[in-house]
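Atom set for the values below is all heavy atoms of this structure, side chains included, hydrogens, waters and symmetry mates excluded.
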Amino acid sequence: MKKVFTLLVLLATIMHTNAQSEITGEDDFGSWFMYFGTNKIADKWSIHTEAQFRYYEMASNFNQMLLRTGINYHINPDAIATLGYGFIDTDPTFREFGVLGDDAIFENNSISEHRIFEQFILKNKVWEFKFEHRYRLEQRFVQNNATGISNTLHRARYRIQMTLPLTDIFFLNFYDEIFINLQGDAFGQNRAYAALGVNVTESLSMQVGYLKNHFSETNFDRFQVGLFYNTDLRGIFKKKEK
């Protein structure tokens with residue numbers, strides 16, 4: 001009888017785990033497509049531009065759109081301070097409308113977020129390894145569009161990134177980033193990333209990699225494609241000044 005009870009408990013645990021994975025999409029290999037730009041407008045100033053599109057599956061089953069911009073002050077080549085704003089639209093449901101049989105359940109089930117952030121980046125080099133330390137504070141104004149309930153949340157983030165040039169064209173990039181909530185449970189999430197990068201031109205590069213996104217109760221595997229385009233607009237702004 002004891003063995004039967006143990007078996008039933010084990011089966012219930014497995015079924016519950018599978019059900020949770022089905023709801024959250026934890027077992028699916030998702031994808032993130034990203035653009036980042038640093039657009040220089042003066043010797044010490046630049047504008048950050050960013051767009052990200054995130055999916056629960058490979059380029060399908062929409063999860064999140066993130067648009068972010070900011071103004072950068074370049075203290076020196078190895079230190080940058082940023083003040084910025086982001087808009088994030090999130091669909092927290094794993095499946096598309098209608099897959100689970102009732103469209104009404106998912107209607108307007110989205111989360112909108114306006115975010116202000118302050119950031120400081122420090123860079124250093126050890127032998128051939130290029131390190132970047134990014135410190136970020138975020139003030140998040142989040143609204144559940146299904147219920148109309150709004151919350152203001154605060155979060156701190158720290159990312160350590162390492163880049164290793166392989167040739168003039170190819171490089172490896174790694175980072176680990178931890179998210180700390182400044183209210184409630186301290187641990188928010190952790191992201192570990194590894195990628196192969198290609199310098200297409202002096203101002204354009206591309207990275208293809210893998211991200212492990214770890215939360216308290218779930219883990220997500222994400223394929224990432226990132227495009228980095230840095231422009232120098234100082235000539236345009238100088239002409240306008242004249």
Side-chain angles (χ1 to χ4, degrees), residues 32 34-54 63-92 110-125 130-145 149-163 173-195 207 209 211-220 222 224 226 228-230:
W32 290 11
M34 308 170 294
Y35 155 80
F36 302 92
T38 300
N39 310 281
K40 204 149 193 178
I41 57 175
D43 292 343
K44 293 251 180 209
W45 297 92
S46 65
I47 297 172
H48 174 80
T49 51
E50 178 180 344
Q52 297 192 35
F53 299 91
R54 300 171 178 177
N63 172 212
Q64 191 173 70
M65 177 189 72
L66 186 152
L67 303 174
R68 190 154 38 204
T69 189
I71 186 74
N72 302 317
Y73 178 67
H74 299 255
I75 301 167
N76 59 52
D78 298 322
I80 306 168
T82 303
L83 176 64
Y85 163 79
F87 172 76
I88 300 93
D89 181 48
T90 303
D91 181 351
S110 65
I111 297 170
S112 298
E113 178 180 344
H114 298 275
R115 184 183 300 176
I116 297 170
F117 68 95
E118 303 82 38
Q119 178 176 287
F120 186 58
I121 289 176
L122 285 174
K123 301 178 182 180
N124 68 293
K125 187 176 179 181
K130 299 176 181 178
F131 288 92
E132 180 182 285
H133 306 267
R134 189 178 76 183
Y135 307 86
R136 180 182 288 177
L137 288 174
E138 296 177 332
Q139 298 82 52
R140 307 170 62 205
F141 306 94
V142 183
Q143 177 171 306
N144 187 319
N145 295 323
I149 296 173
S150 299
N151 287 302
T152 300
L153 305 171
H154 300 272
R155 184 167 68 184
R157 300 166 57 170
Y158 167 68
R159 186 186 76 183
I160 180 170
Q161 177 176 269
M162 183 187 74
T163 303
N173 192 37
F174 307 92
Y175 74 68
D176 189 86
E177 183 172 20
I178 188 166
F179 293 62
I180 303 297
N181 297 321
L182 302 182
Q183 65 283 304
D185 295 334
F187 177 75
Q189 59 179 289
N190 190 83
R191 295 177 182 174
Y193 170 78
Q207 294 183 27
L211 177 82
K212 186 72 171 181
N213 202 175
H214 171 66
F215 294 85
S216 297
E217 298 180 356
T218 56
N219 293 279
F220 296 102
R222 295 293 180 253
Q224 289 199 344
F228 301 78
Y229 186 48
N230 302 321

So, do R159 and E132 sit near enough that their side-chain heavy atoms are less than 4.5 Å apart?
yes

Where do G37 and N230 come nearest, in terms of heavy atoms and distance?
C-OD1, 4.1 Å

Report yes if some heavy atom in the side chain of H114 is under 4.5 Å from a heavy atom in the side chain of F87; otherwise report no.
yes

Closest non-hydrogen atoms of E177 and Y175, given as atom of the first, atom of the second and distance, are N-CD1, 4.2 Å

What distance separates S112 OG from M65 CE, expressed to the nearest 0.5 Å?
8.5 Å

What is the minimum heavy-atom distance between P92 and S110, and which atoms define it?
CD-CA, 4.2 Å

So which heavy atom on A194 is nearest to which on F174, and how close?
CB-CD2, 3.7 Å

Residue that, paired with R134, satisfies side-chain contact (heavy atoms from CB on, under 4.5 Å) out of K123, Q161, R157
R157

Mind checking whether L137 and F120 have side chains closer than 4.5 Å, heavy atoms only?
no

Tested for side chain to side chain donor-acceptor pair (under 3.5 Å) against N219, the lone hit among Q189, H214, K212 is H214

What is the distance from atom CZ of F228 to atom CD of Q207, rounded to the nearest 0.5 Å?
4.0 Å

Near D185 CG, under 6.0 Å, is it more than 12 heavy atoms from other residues, nucleotides or ligands?
no

Could you check whether the rings of F220 and F215 sit parallel, tilted or perpendicular, using 30° and 60° as the cut-offs?
perpendicular

For the residue pair I88 and Q64, what are the closest heavy atoms and their distance?
CG2-NE2, 3.4 Å

Say whether N72 and T82, considering side chains only, have a donor N or O and an acceptor N or O under 3.5 Å apart.
yes

How long is the straight-line distance from CZ of R54 back to CD of Q224, given to the nearest 0.5 Å?
8.0 Å

Are D176 and N190 close enough that some pair of their side-chain heavy atoms sits under 4.5 Å apart?
yes

Can we call the ring centroids of Y73 and W45 under 6.0 Å apart?
yes

Counting C-beta onward and ignoring hydrogens, is there a side-chain heavy-atom pair between R68 and R115 closer than 4.5 Å?
yes

Taking atom CG of D78 and atom CD1 of I121, what is their separation to the nearest 0.5 Å?
11.5 Å

With rounding to the nearest 0.5 angstrom, report the CG to OG1 distance, N63 to T90.
6.5 Å

Contact check, side chains of L153 and N181, non-hydrogen atoms, under 4.5 Å:
no

Checking T152 side chain against F141 main chain: does a donor-acceptor pair fall under 3.5 Å?
no

Does OH in Y229 sit with more than 12 non-hydrogen atoms of other residues, nucleotides or ligands closer than 6.0 Å?
no

Output for pair (F117 CZ, R140 CZ), nearest 0.5 Å, gives 13.5 Å

Name the orientation class of the two ring planes belonging to Y158 and H133 (parallel below 30°, tilted from 30 to 60°, perpendicular beyond 60°).
parallel

Between K44 (side chain only) and I75 (backbone N and O only), is there a donor and an acceptor less than 3.5 Å apart?
yes

